[in-house]
**Q** 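Here it is, the structure in full.
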Amino acid sequence: MKFQLKIWRQANASVAGKMVDYTIDGVNPDMSFLEMIDVLNEELIRKNDTPVAFDHDCREGICGMCSMYINGRAHGPQKATTTCQLMMRHFTDGETIYVEPFRAKAFPIIKDLVVDRSSFDRIQDVGGFVSVNTGQVKDANNLPVEKEKADMAMDAASCIGCGACVAACKNASAMLFVSAKVSQYALLPQGQPERKIRVQKMVAQMDAEGFGGCTNTGACEAECPKEISISNIARMNREYFSAGLLQD
Amino acid sequence: MNWFIKAFTSTLGRKLVMSLTGLFLIAFLLVHAAGNLQLFHNDEGMSFNMYTVFMTGNPIIKTISYLLYATFVVHFLQSVIITIQNRKSRPQGYVKNVANANSKWSSRNMGILGTVILVFLVTHMVNFWAQYHWSEIPKKTYYTITFDGDEIHTAMKDTVQNIYTREQSMQMQNPTYENKVTDIKVHRVKDLYKTVEIAFKDEWLVILYLFGMLALSFHLLHGFQSAWQTLGVNHRKYVPIIKTVGWLYSTIIPALFAAMPLYFYFK
Amino acid sequence: MSILDSKIPEGPLETKWEDYKSHMKLVNPANKRKLEIIVVGTGLAGGAAAATLAELGYKVKTFCYQDSARRAHSIAAQGGINAAKNYKNDGDSVYRLFYDTIKGGDFRAREANVYRLAEVSANIIDQCVAQGVPFAREYGGLLDNRSFGGAQVSRTFYARGQTGQQLLLGAYSAMKRQVGLGNIEEYNRHEMLEVVKIDGKARGIIARNMVTGELERHFGHAVVLATGGYGNVFFLSTNAMGCNVTAAWKAHKSGAFFGNPCYTQIHPTCIPVSGDYQSKLTLMSESLRNDGRVWVPKSQVDCKKRPQDISEDDRDYYLERKYPSFGNLAPRDIASRAAKEACDDGRGVGESGLAVYLDFSDAIKRLGQATVQARYGNLFDMYHHITGENPYETPMRIYPAVHYTMGGLWVDYNLMTTVPGLYAAGECNFSDHGANRLGASALMQGLADGYYVLPYTIGNYLADEIFTKAIPTDHEEFEAAENKVRERIEKLLAVKGNQTVDDFHKKLGRIMWDYCGMARTAEGLDKAIVMVRELREEFWKDVRVTGQNNEMNPDLEKALRVADFIELGELMILDARNRNESCGGHFRTEFQDEGEAKRNDEKYAYVAAWEHNGVDEQPTMHKEELKYENIKLQTRSYK
């Protein structure tokens, strides 16, 4: 397979970037998208050019590090798939493929396709946990949890923190990410003591990081590689309004 | 009060405001559409003009109408703030972005749809609301006769005259005959119906109205269910119901409104 | 006699850890605040250790090469975590978990460490549940268990096929809490490139800021390495792309001994290689073997047929045939080798002939597709994504791949390396799995080390350090260490050769896989040692590293790692050559009994701990004899 690639190149945060054209030939349909970029990079290195910098690590769709905006979609056109598991067989031979970084004020570009998502970490710092020290706990089975609730918590907890929701959202909103964390703990008995303060702090931090607001377009859910539901956003709204307006 | 301001100025709070004001406006639409169905009465505008009097005269309704204006202004201002903030959250856009792969057009263009609705609304208010409140518009007289305990409404002075005269002559022929007309009321009201009738002979205005209603329909299509989602009403049992009701609401209400200019244009 | 002191406490096995905890030295809270600890790596071991140490009151700095602590490769573990809870009432106990682990490790692990591991395993589950880890549950609301390779009880706790992710996010959340409280300072996108030793003790590290290229000096009263395994020495492995040996290797070069480097686990259930462009291998959780049946055609002529067209009689369910009592749940090393044998016998399937079937049709018939989907849905989807084949309809094709390295930095009972103040936890150390690790035990060990072992043992060391003031980083040792790193980077950038870093990495991988992989021979290893040495020379003469140091430079990062992998490869081969026996993940073709590994307990019941003497020098091997006081050494049988 052969492709025309248009890739965003930007040497660092302080200079302007632009789309640069590349042609790549001999692509195997069983290659992953990142392996295709690997091959391109090998070619670039052989030509003494600078290889394209991109984030990636586990390459099995779970670490959440890969983050490309491919052909106008976060993680490319394949549903429920991270870039690292996107296979070239899903593209048409001869196609032009646009590759851009995730774009958001809260995700500043570091280099080429690499962005800084530490804003997600900072949101977790303020409330994405249960305050329990190692050793302060009772036997696990002393705390039965309704299976359905546990499953819903697991659905929310499967977020990989990749930021596709932010990238796809027209407002660069992080609601899906934040709500997944809020939901996981709101659904479990372990999360109850800090339920109120958690949602308030996490939302405040989310706003401080410069993420946009939610306008319920549902783009986040559609592009989420783990198919996290926007019902979590509704839950976060409930939690937030209830914490801020209704409770003592 | 700090908590209150905080709750309403966060991204979540702002959308709560959008949701609540939106739902109030949605509710208003139903009332407005139902009321304006009076336009379809073929009674020289009597039902409609009388309804108008009721709507502008009743103190409770008046209060609600001020609340409505305020709601609209808040909904509008809040949307402007939200749009500006949201724009800022992505200073540099994508070279290629295929948004329709993940979301509906209407959901992404609420601002544009809202702006169209705003333009429509200004025209609408200038044409009718301002006319009614601030201009001299011709008046029309309607009568209510209480006949045998029933109220008969009519715009025809002759009808009233005829009934009354007939009753009087009956009474003259037979002194024991009891005059069945116990009361006659004369109402002299602004003939907004006429204004409407004339206005909708202008095809450009009709087109603007149709366009406005199309925008409203799309605005509602997203807004209706979005408002519930924002309020946190997202339940796998109820979401399908909300979606269906929302869809019906967003098509039927604007269709009713759209029928009005068409009705007068072709009448 | 050996200079190694494993510092195993006296007394009966069952009470060693309890006694240790009761008698260890303590640091009072006021002093803890003055003590700084560096934790490199934020996976299960590092994340758990950082959080717990910070909870105790120490000042902690964490380092990871990823953009967030949450991305460490522990996240990719799928199947589950073992714990001796006996919730199933099926006869599990601490002793049984201990015994299974020792036996699974082919009697090459240290008794006391493994017993402690089994002991604290139950606490881990309690801790994780308290953190809000959404483990799978039964309808009664209690925790569910599944069975796993190498055990006859159900003791594996799981969270769908994402157990590692959930446990890591649990540890990460505990860490986040401490970051929020100001007890942990995070340094993400930082790669540790040198250990700083002052007066013989580890006192800090040199780390490269991967965004700016700046070399940073960081002081710590103690340094914990939790940097994972070195499977990427094979180029293709199930490890993440960034997993590397650099931190552990620098520690090794600074005096920490390296234990049993040749013990490599080849995981039996991975998606087969499809081409040279391939950058990594994807694991399909071992839990699949609970319900999937492994087979190849009985006859070579059937290999190219569609699996559906091969009749039941023509299929060889070789694991069930060879190991009737464990069947498809035979331990990893055994299952891998059996797959290799079948393929070597010309009965492999798929394009390359390097694959066997993992078939779910019986399970689907027995349980229904819905149940199978509930158990393994995400794994099936993953397989479908990658191969384009639907495993509900056609059997999966699997082949073994490098997955885990049991070897690592030698540590004593305190998890301290041979450098005072330098600790190694999790996969990074050699301690608990012997020559082979059982499924669902890596998560257990990482968390045990991080939550329950290190926080105690490190206090025992730091109690004597309370008078040591933080050493300013302009100390000459920091200066020297930084210069060493700078020189290495400059040297790499100056080569300006013709081959890319990946060219070398692939060559290294080829050598390691061919000669030091699933089956090893003295002859092959002798050949390989020469090849690797040549490769190292070639690397430093002909590698091409683009860009500069003072920028984000993934090419340079990779070059630094590969340079270390080449040196490590040499040591692995030496170790494999030295160990004239077969055990667990180390299979020497010369030493077998009809295909089964043949251990030599008389000569090799020891840990080989290698001391570095310089890159071109022969390393010195130190032996730690393994004393089995509680269990009897026997031939490992899963028949």
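Small disclaimer: the values here were computed from a predicted structure and weren't measured. Note on naming: letters A, B, ... go to the chains in the order of the sequence lines (proteins, then strands), and numbering restarts at 1 for each one.
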**Q** Could you look at C:S279 and say if it's the side chain, the backbone, both or neither that has a heavy atom under 4.5 Å from chain A?
**A** both
**Q** Can you check whether A:N141's main-chain N or O pairs, donor with acceptor, with C:Y87's side chain at less than 3.5 Å?
**A** yes
**Q** Tell me which of these, A:Q136, A:M65, A:M36, A:K111, has more heavy-atom pairs under 4.5 Å with chain C than the rest.
**A** A:M65
**Q** Give the intermediate values and the outcome of side chain to side chain contact (heavy atoms under 4.5 Å, CB included) for residues C:T500 and A:N41.
**A** CA-CA 10 Å; C:T500 67; A:N41 276 346; over 6 Å; no
**Q** Test side chain to side chain contact (heavy atoms under 4.5 Å, CB included) on C:D555 and A:I45; report intermediate values, then the result.
**A** CA-CA 9 Å; C:D555 203 23; A:I45 295 170; 3.6 Å; yes
**Q** Mind listing the closest non-hydrogen atom pair of C:L169 and A:C159 along with its distance?
**A** CD1-O, 4.0 Å
**Q** For the pair A:D55 and C:R71, find out whether any cationic side-chain nitrogen is under 4.0 Å from an anionic carboxylate oxygen.
**A** no
**Q** Is C:Q166 in contact with chain A via its backbone, its side chain, both, or neither, using a 4.5 Å heavy-atom distance?
**A** side chain
**Q** For C:G140 and A:P144, which heavy atoms make the closest approach, and how far apart are they?
**A** O-CB, 4.2 Å
**Q** Using every non-hydrogen atom in the two residues, find where A:V115 and C:R189 come nearest and quote the distance to one decimal.
**A** O-NH2, 3.1 Å
**Q** Quick one, A:E60 and C:Q78 - any side-chain contact, counting heavy atoms below 4.5 Å?
**A** yes
**Q** Which answer fits C:H385, side chain, backbone, both or neither, if we ask what part of it has an atom under 4.5 Å from a heavy atom of chain A?
**A** both
**Q** Taking every non-hydrogen pair under 4.5 Å, which of C:D502, C:I125, C:L281, C:T282 racks up the most with chain A?
**A** C:D502
**Q** Going from CG on C:D276 to CE on A:M31, what distance comes out if it is rounded to the nearest 0.5 angstrom?
**A** 8.5 Å
**Q** Non-hydrogen atoms of chain C under 4.5 Å away: do they reach the side chain of A:V145, the backbone, both or neither?
**A** both
**Q** Any salt bridge between C:R137 and A:E146, counting N to O under 4.0 Å?
**A** no
**Q** Taking side chain as everything from C-beta outward and backbone as N, CA, C, O, which of these in C:Q278 sits under 4.5 Å from a heavy atom of chain A? Side chain, backbone, both or neither.
**A** both
**Q** Do you know which of C:G132, C:S68, C:G180, C:P455 has the most heavy-atom pairs with chain A at a distance under 4.5 angstrom?
**A** C:G132
**Q** Which atom pair, heavy atoms only, marks the closest approach of A:G135 to C:Q127?
**A** N-OE1, 3.0 Å
**Q** Please find the pair of heavy atoms, one from A:Q190 and one from C:V129, that lie closest to each other, and give the distance.
**A** NE2-O, 2.6 Å
**Q** Does any backbone or side-chain atom of C:K85 lie under 4.5 Å from a heavy atom of chain A? Answer side chain, backbone, both or neither.
**A** side chain
**Q** Check whether any side-chain N or O of A:Q85 sits under 3.5 Å from a backbone N or O of C:M382 as a donor-acceptor pair, and report yes or no.
**A** no
**Q** Give me each pair satisfying salt bridge (Lys or Arg N to Asp or Glu O under 4.0 Å) with a member in residues 24-36 of chain A, each pair once, sequence neighbours excluded.
**A** A:D30-A:R89
**Q** Given that the side chain runs from C-beta out, which part of C:Q165 has a heavy atom under 4.5 Å from chain A: side chain, backbone, both or neither?
**A** side chain
**Q** Flag the pair A:K147 and C:D144 as a salt bridge only when some basic side-chain nitrogen lies within less than 4.0 angstrom of an acidic carboxylate oxygen.
**A** no
**Q** Between C:R177 and A:N133, do the side chains contain an N or O donor and an N or O acceptor separated by less than 3.5 Å?
**A** yes
**Q** Which answer fits C:Y172, side chain, backbone, both or neither, if we ask what part of it has an atom under 4.5 Å from a heavy atom of chain A?
**A** side chain
**Q** Less than 4.5 Å to any heavy atom of chain C: does that hold for the side chain of A:N48, its backbone, both, or neither?
**A** both
**Q** Does the pair A:D38/C:K280 count as a salt bridge with the N-to-O cut at 4.0 Å?
**A** no
**Q** For A:V27, is it the side chain, the backbone, both or neither that has a heavy atom under 4.5 Å from a heavy atom of chain C?
**A** neither
**Q** I'd like to verify something: which residue of C:V133, C:L142, C:V179 has the highest number of heavy-atom pairs under 4.5 Å with chain A?
**A** C:L142
**Q** At a heavy-atom distance under 4.5 Å, which candidate from C:Y277, C:Y139, C:Y451, C:Y452 has the highest pair count against chain A?
**A** C:Y277
**Q** Heavy-atom cut-off 4.5 Å, strictly under: side chain, backbone, both or neither for C:I386 against chain A?
**A** both
**Q** We want to know whether C:E55 and A:T134 form a side-chain donor-acceptor pair, criterion being a heavy-atom distance below 3.5 angstrom.
**A** yes
**Q** Roughly how far apart are C:D503 CG and A:E42 CD, rounded to 0.5 Å?
**A** 5.5 Å
**Q** What residue, out of C:Q178, C:M175, C:K496, C:E138, has the most heavy-atom pairs lying under 4.5 Å from chain A?
**A** C:E138
**Q** Can you see which heavy atom on C:D126 is nearest to which on A:V137, and at what distance?
**A** CB-CG2, 3.7 Å
**Q** Give a yes or no on whether the backbone of A:V130 and the side-chain of C:Q131 come within a donor-acceptor separation of less than 3.5 Å.
**A** no
**Q** Please answer whether the main-chain N or O of C:G242 pairs with a side-chain N or O of A:D57 as donor and acceptor at a distance below 3.5 Å.
**A** yes
**Q** Can you say whether C:T387 sits under 4.5 Å from chain A via the side chain, the backbone, both, or neither, judging by heavy atoms?
**A** backbone
**Q** Using non-hydrogen atoms and a 4.5 Å limit, figure out which bit of A:I160 sits close to chain C: side chain, backbone, both or neither.
**A** both
**Q** Is it true that the NZ or CZ of C:K176 lies under 6.0 Å from the centre of A:F129's six-membered ring and within 45 degrees of the ring axis?
**A** no
**Q** How far does CG of C:D67 sit from CD1 of A:I110, to the nearest 0.5 angstrom?
**A** 7.5 Å
**Q** So which part of A:M87 gets closer than 4.5 Å to some heavy atom of chain C, the side chain, the backbone, both or neither?
**A** side chain
